[in-house]
Amino acid sequence: MKRGFDRMDTEGPEIEGIERVDNDIWQVPLGYKPGMRVPGRIYLSDKLFTNLEKEAVDQVANVATLPGIQKFSMAMPDAHVGYGFPIGGVAAFDAEEGIISPGGVGFDINCGVRLIRSNLEKSDVDGKVNNLLDSLFKAVPSGVGSKSRIRASESELEEIFTNGSRWAVEEGYGVEADLTHCEGEGCIEGGDPSQVSAKAHKRGRPQLGTLGSGNHFLELQYVDEIYDPVAAEAFNLKQGQLTFMVHCGSRGAGHQVCTDHLRNLTRAVEKYKIDLPDKQLACAPAQSEEAQAYFGAMASAANYAWTNRQIIMHHCREVFGQQMNMDADELGLDLVYDVAHNVAKLEEHDVDGGKKQVYVHRKGATRSFPAGHPDVPKAYRAVGQPVLIPGSMGTPSYVLCGKQSAMDVSFGSACHGAGRVMSRSGAKHTFRGEQIQKDLSGQGISVRAAHPSVIAEEAPGVYKSSSEVVDVVDRLGIAGKVAKLMPLGVVKG
DNA sequence: ATGTAC
């Protein structure tokens, strides 16, 4: 196997000081680093353990030192090193005594995934995949700095930042059911456009309905396997069915929000005299002006991301209509669900035998609420929320459903994807985009990309096995496998 | 992830 050149590729068989406490559960004990207020927990199989970076474990321990952290500083099986907090990290902080930190959310605020089902079967697109991909590639601007034809006015942008994807539906980019089939109905309450800088407004205005770059994609897929027939029926999924996935985030607007507020919260660390093991953990007391300003801006960026995915989905539906020569009812391109992978949310959880309000930071982690939870859409209340896990390019994606254990062990959270094992720079040295594209084509998977280098950076070999990651959360009962989706064609940013 | 460094 080809290998890259940087430390992310080194296989570390032993990480001193961490302990296995159960199958797939590793503990970072209080003594691992000074100042830890709670232990760390890393949910990981033996096999994935060989890819675990020591620096990611150190980050789990660093997060455990933050004021007001509850139960454990956690990392999902797809964890790897991130800015301050690990990607794949989950941490909940007391809403009164705790902190809020942009590092716990990441730069791509509400990077997330939506899944669309259809009345079509795989065979219905035989010989049409390439035309569909070409049209999708044209309909959704992609790549770094891409812009759309939509120009939201200042008042429209403020509405999007405040209320999320409802604006898009009211403007005709979708239907009411798209909102009820979306995490939080496409909105985090508390979005505050006045905390979003003029620069972030300016970057966001021309980017509604654009895909972006990196691991973001549009994917034509089919249901290859059903694991849980009851949940699959609730989600309106069946064997052989054509599905469609959108993976993207808040583009330049979210990035700018993170940049702006990191600067502000770095100053707040001194003001509130918070002792940090790593400057990248910049944060402020949850109820402070600075933390609430960040939260309002972060919620705005999250709302922008949901609107972005809503508009992208609408344009893709139009493409399907034209290419398949079918109307909306015939196509049945209904939104199954949309999940955020990078957000902080104010939620109620059971802690120490009582209910508590906490700011749950999920950075590369999916909410995974179980059956019966009031925040699960009514249509899915009997089985749990859909948990959408995109594969890396050319590998399967998974649909899971939220399970009760998630509420007990991970503040209602599960993994979010495969997780990188090689950096982008390593990947560009190791792979050539044209060759990867050819290899995938040989497997029956067509790829379109804004630039070949993106294909190299996102080559299947730079990610862990999504199947292995998903199996860990399934075994732990954090989320249960419902269906496996295989790619037919991909549009990369 | 990102007007891919300020």
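These figures come from a predicted structure and were not determined experimentally.
Gln256(A) places its CD atom 12 Å from the P atom of dT4(B), with the value rounded to the nearest Å. Atom CZ of Phe107(A) and atom C1' of dT4(B) are 12 Å apart (whole Å). The distance from atom CZ of Arg263(A) to atom C1' of dA5(B) is 14 Å, rounded to the nearest whole Å. In this structure, CG of Leu211(A) is placed 14 Å from C1' of dT2(B), rounded to the nearest angstrom. Between the NE2 atom of His255(A) and the C1' atom of dT4(B) there is a distance of 8 Å, given to the nearest Å. Summarising the geometry, the separation between CZ on Arg424(A) and C1' on dT2(B) is reported as 10 Å, rounded to the nearest angstrom. Atom NE2 in His451(A) sits about 13 Å away from atom C1' in dT4(B), given to the nearest Å. Rounded to an integer number of Å, the gap from Leu262(A) CG to dA5(B) C1' is 16 Å.
In terms of position along DNA chain B, the nucleotide closest to Gly214(A) lies nearer the 5' end than the nucleotide closest to the other residue of the pair Gly214(A) and Val144(A).
Side-chain N/O atoms of Arg251(A) include one lying less than 4.0 angstrom from OP1 or OP2 on dT2(B).
Applying the salt bridge (Lys or Arg N to Asp or Glu O under 4.0 Å) rule to Lys345(A) yields the partners Glu183(A); only residues at least two apart in sequence or on another chain are considered.
Between the side chains of Arg362(A) and Ser413(A), a donor-acceptor pair is found at a separation under 3.5 Å.
The residues Glu290(A) and Arg267(A) are annotated as not salt-bridged, no charged nitrogen and carboxylate oxygen being separated by less than 4.0 angstrom.
Gln207(A) comes within contact range of the sugar-phosphate backbone alone, with a heavy-atom separation under 4.0 Å but no base atom that close. The residue Lys199(A) sits close to a base: some heavy atom pair falls under 4.0 Å. Heavy atoms of Thr259(A) sit nowhere under 4.0 angstrom from any nucleic acid atom. Within 4.0 Å (heavy atoms only), Gly252(A) reaches sugar-phosphate atoms of the nucleic acid but no base atom.
Remark: Arg41(A) is positioned above the aromatic ring of Phe72(A), its terminal NZ or CZ atom under 6.0 angstrom from the ring centre and at most 45 degrees off the axis.
Each of Met245(A), His181(A), Gln310(A) was scored for a side-chain contact (heavy atoms from CB on, under 4.5 Å) with Arg114(A), with one residue passing: Gln310(A).
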